[in-house]
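The basis for the numbers below is simple: all heavy atoms, side chains too, and nothing from hydrogens, waters or symmetry mates. To find a chain, count down the sequence lines: A is the first, B the second, and so on, and within it residues start at 1.
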Number of protein chains: 2
Amino acid sequence: MLTDERHQLIRDRLAAEGRVLAGELASRFGVSEDTVRRDLREMAKAGQCRRVYGGAVAAAPFAAAPVSLRGSHAVEEKMRLARAAVALLSSGQSLFIDGGTTNAAIASAIPRDLALTIATNSLGVASALSDHALVELIVLGGRFDRDLGTCVGADTLAAVAQLGADLFFLGSCGLDASRGVTAFDSAEAEVKRAMARNSAGIVIAVTNDKLATAAPYRVAGPEAIRHLVVEKTAPAAILADFEHQGAEIHFA
Amino acid sequence: MLTDERHQLIRDRLAAEGRVLAGELASRFGVSEDTVRRDLREMAKAGQCRRVYGGAVAAAPFAAAPVSLRGSHAVEEKMRLARAAVALLSSGQSLFIDGGTTNAAIASAIPRDLALTIATNSLGVASALSDHALVELIVLGGRFDRDLGTCVGADTLAAVAQLGADLFFLGSCGLDASRGVTAFDSAEAEVKRAMARNSAGIVIAVTNDKLATAAPYRVAGPEAIRHLVVEKTAPAAILADFEHQGAEIHFA
DNA sequence: GCATGTTTTGCATGTTTGTGCAAGAAGCGG
DNA sequence: CCGCTTCTTGCACAAACATGCAAAACATGC
C-alpha cells in the first residue's frame with residue numbers, strides 16, 4: 001500500500017466519521033501504529049486534520065469533500081451526461097457554471113464552435129474553457145476552497161451579483177423532489193443561491209447516486225429546476241416527481 | 001515496446017485505477033523498474049501524474065496546467081530561476097503573483113510546507129497552487145484573457161484594490177534600467193500597476209532575453225524593484241544598473 | 001559504407017525514504 | 001503515588017530512488 005493511499009483513506013474516514021483512532025487504523029491497514037502516528041502527524045502539519053490523544057479528528061467538521069475525486073469510477077457516466085447537457089446550449093447564451101466533477105466534464109464537452117459567455121467560480125471549469133476561442137470567460141474570484149475546487153466567500157458573491165445568465169449549471173449537490181437542491185457546505189450553498197437568483201433557468205446533471213439524496217444546506221426548491229439531465233437507468237418514479245414540478249427530463 | 005506505448009498504457013491505467021506501482025508496471029511491461037521510474041518521472045514533469053514513493057497517482061483534477069510551460073523554449077532556465085526565487089519566501093508572507101510562464105514555474109516550485117497567503121489573477125498559478133494545503137489562495141477574478149492566461153479588467157482591479165501583499169512576483173515583462181518595468185498589453189499593465197501599488201516589494205525573475213528590453217506600457221520604475229532574480233550568465237553591466245537603483249540581485 | 005551523434009535501456013553506485021522496533025517522555029486514570 | 005496507554009525520538013534495515021555509465025538501436029551526414 002502506498003503512503004499516499006493510506007493518507008487518502010484516512011481523509012475519507014475523517015470525512016465520514018469525523019475522527020479516527022491510531023490503533024484501529026494500524027490494524028486496518030496492516031502497518032504499525034508508529035506509521036499511522038507519523039501519517040497523522042504529517043496530515044496535521046498540512047492542515048488536513050487535528051491531532052488528539054489516541055488518534056485525530058477532522059480539521060473543519062463539514063469541510064471535507066463530499067466526493068473523493070480520486071476514485072471517480074463514474075467518469076464514463078459523467079461524460080455521457082456532459083454530452084447530453086451541452087446539447088441544451090446554443091450560441092449567444094450566457095451561463096453560470098459552478099464546481100463539481102460533472103460540471104468539469106460538461107465544460108470540457110462544450111463544442112468549440114459555440115459563442116458563449118460563461119462565468120464560473122470553478123478552477124477546473126475555467127481551465128477546461130481556457131482554450132475555447134469563442135467563449136467569453138469570466139472568472140468569479142474570491143477565497144479558493146481546495147476541497148470544493150471553487151472560489152467562495154463575500155468576494156465571489158459580489159462578483160456573481162453583478163452578472164446575470166440564461167442558464168445555471170448547478171453541480172455536486174444532493175437532489176430530492178421534496179427538499180429540492182441541497183449542498184454540503186455553507187459557503188458553497190451561498191454562492192449557488194446567488195447564481196440561482198441571477199439566472200433564468202437551472203440545469204442539473206446528476207448520476208444516479210445523487211438522486212433522492214439531501215445535504216444540510218438548502219440551495220433551491222425543486223420547482224426551480226428547468227432541465228434535469230440523468231442517466232438512462234435513473235428510477236422513473238423519482239423522475240416523475242421532478243417532472244410534476246416543471247422540470248424537463250433529458251436522458252444521457 | 002515503444003516508449004510512447006508504455007506511456008499511453010500507464011495513462012490508461014491511471015485513469016482506470018487512479019494509481020500505479022512501479023514494480024507492477026515493470027513486470028507487466030517486461031522492462032526494468034528504472035525504465036518505469038523514468039517514464040513516471042517524465043509524465044509527472046508533463047503534469048500527467050503525480051509521483052509518489054512506490055509509484056504514481058493520477059494528477060489532481062485542476063493540476064492539468066491550462067497555461068502550462070508547454071511550448072516555452074527555456075523550461076530548464078525558468079525552473080532554475082523559480083528555485084532561486086522561492087528561496088526568498090518564508091512562512092507567513094502574503095504575495096501577489098501575476099501571469100507568465102516564469103511565474104507559473106515559480107508557483108509550482110513553492111514548497112508545500114510554507115504557510116502563505118497568495119493572490120493571483122493567473123489561472124496557471126492558481127492551478128499550480130490548488131493542492132498546497134497551507135497556502136491561503138485568493139483568485140482575482142474578472143474577464144479572462146486567454147492570450148495572457150490571466151484575468152484583467154475592472155473587476156480584477158477592484159479585487160486587487162482590496163488586498164495588500166509583502167511581495168509581488170511580477171512576470172512576463174520587458175525590463176530596462178532606465179525605463180523600468182514595461183508590459184505588452186494595456187489591460188495587463190493596469191493590473192500589474194495596481195498590484196505594484198499594493199505591495200511592499202517587487203520581485204522579478206527573468207531570463208536573459210527579457211533584460212534590456214522594453215514594451216509599450218509602463219508598469220513601474222526601475223527603483224521599485226526590490227529583488228531581481230537572473231541567470232548566472234546575465235550581463236554584469238546591465239545588472240549593475242539595476243543594483244545602483246536599489247535592487248538586490250539573486251543568481252539562479 | 002562508415003563515422004558520428006542521439007535515444008533508449010539496463011546495470012552499478014550511492015543516496016533518500018518509509019517502516020518497524022526499542023527506549024524514554026508525557027498524558028491519563030485510579 | 002502508580003500502572004497503563006500513547007506519544008516522540010533515535011536507530012537500523014530494506015525498499016525505492018536518482019545518477020552516472022556503457023551497450024545497443026537508431027538516425028544523420030559525409
Base partner of D/dA27, which must satisfy Watson-Crick or wobble distances under 3.5 Å: C/dT4
Dump the intermediate steps for side-chain contact (heavy atoms from CB on, under 4.5 Å) on B/Arg226 and B/Val203, then the final yes or no. CA-CA 6 Å; B/Arg226 170 100 67 92; B/Val203 183; 5.8 Å; no
NZ/NE/NH1/NH2 to OD/OE distance under 4.0 Å, B/Glu42 and B/Arg6: no
Please check if any side-chain donor atom of B/Asp176 sits under 3.5 Å from a side-chain acceptor atom of B/Thr182, or the reverse. no
Taking only the side-chain heavy atoms of B/Tyr53 (C-beta and beyond), determine which of C/dC21, C/dT9, D/dA15 contains the nearest atom. D/dA15
Would one find a side-chain N or O of A/Arg51 under 4.0 angstrom from OP1 or OP2 of D/dC7? yes
Separation of C/dG18 C1' from A/Phe29 CZ (nearest whole Å): 16 Å
Whichever of B/Val52 and A/Arg37 has the more 5' nearest nucleotide on DNA chain D, that residue is A/Arg37
Most 5' of A/Glu33 and A/Arg38 on DNA chain D, judged by nearest nucleotide: A/Glu33
So that I can tick it off, tell me whether A/Asp4 and B/Arg50 are bridged by a salt bridge, with the cut-off set at under 4.0 angstrom between side-chain N and carboxylate O. yes
Side-chain N or O of A/Ser32 closer than 4.0 Å to phosphate OP1/OP2 of C/dT19: no
Using Watson-Crick geometry (N1-N3 plus N6-O4 or O6-N4) or G-U wobble (N1-O2, O6-N3), each under 3.5 Å, C/dC28 is paired with D/dG3
Rounded to whole Å, please give me the gap between CG in A/Leu21 and C1' in C/dC28. 16 Å
Going by the angle between their ring planes, with limits at 30° and 60°, are B/Phe96 and B/Phe168 parallel, tilted or perpendicular? perpendicular
Please report the distance, rounded to the nearest Å, between CD in B/Glu5 and P in C/dT8. 14 Å
d(CZ, B/Arg6; C1', C/dT7) in whole Å: 12 Å
Could you tell me how far apart A/Arg41 (CZ) and C/dA26 (P) are, to the nearest whole angstrom? 15 Å
Which of C/dG18, D/dA18, C/dT9 is nearest the side chain of A/Thr3? It is C/dG18
d(CG, A/Asp34; P, D/dT5) in whole Å: 16 Å
When rounded to whole Å, the CE to C1' distance for the pair A/Met1 and D/dA15 reads 17 Å
In whole Å, what is the span from the CD atom of A/Glu42 to the P atom of C/dG18? 7 Å
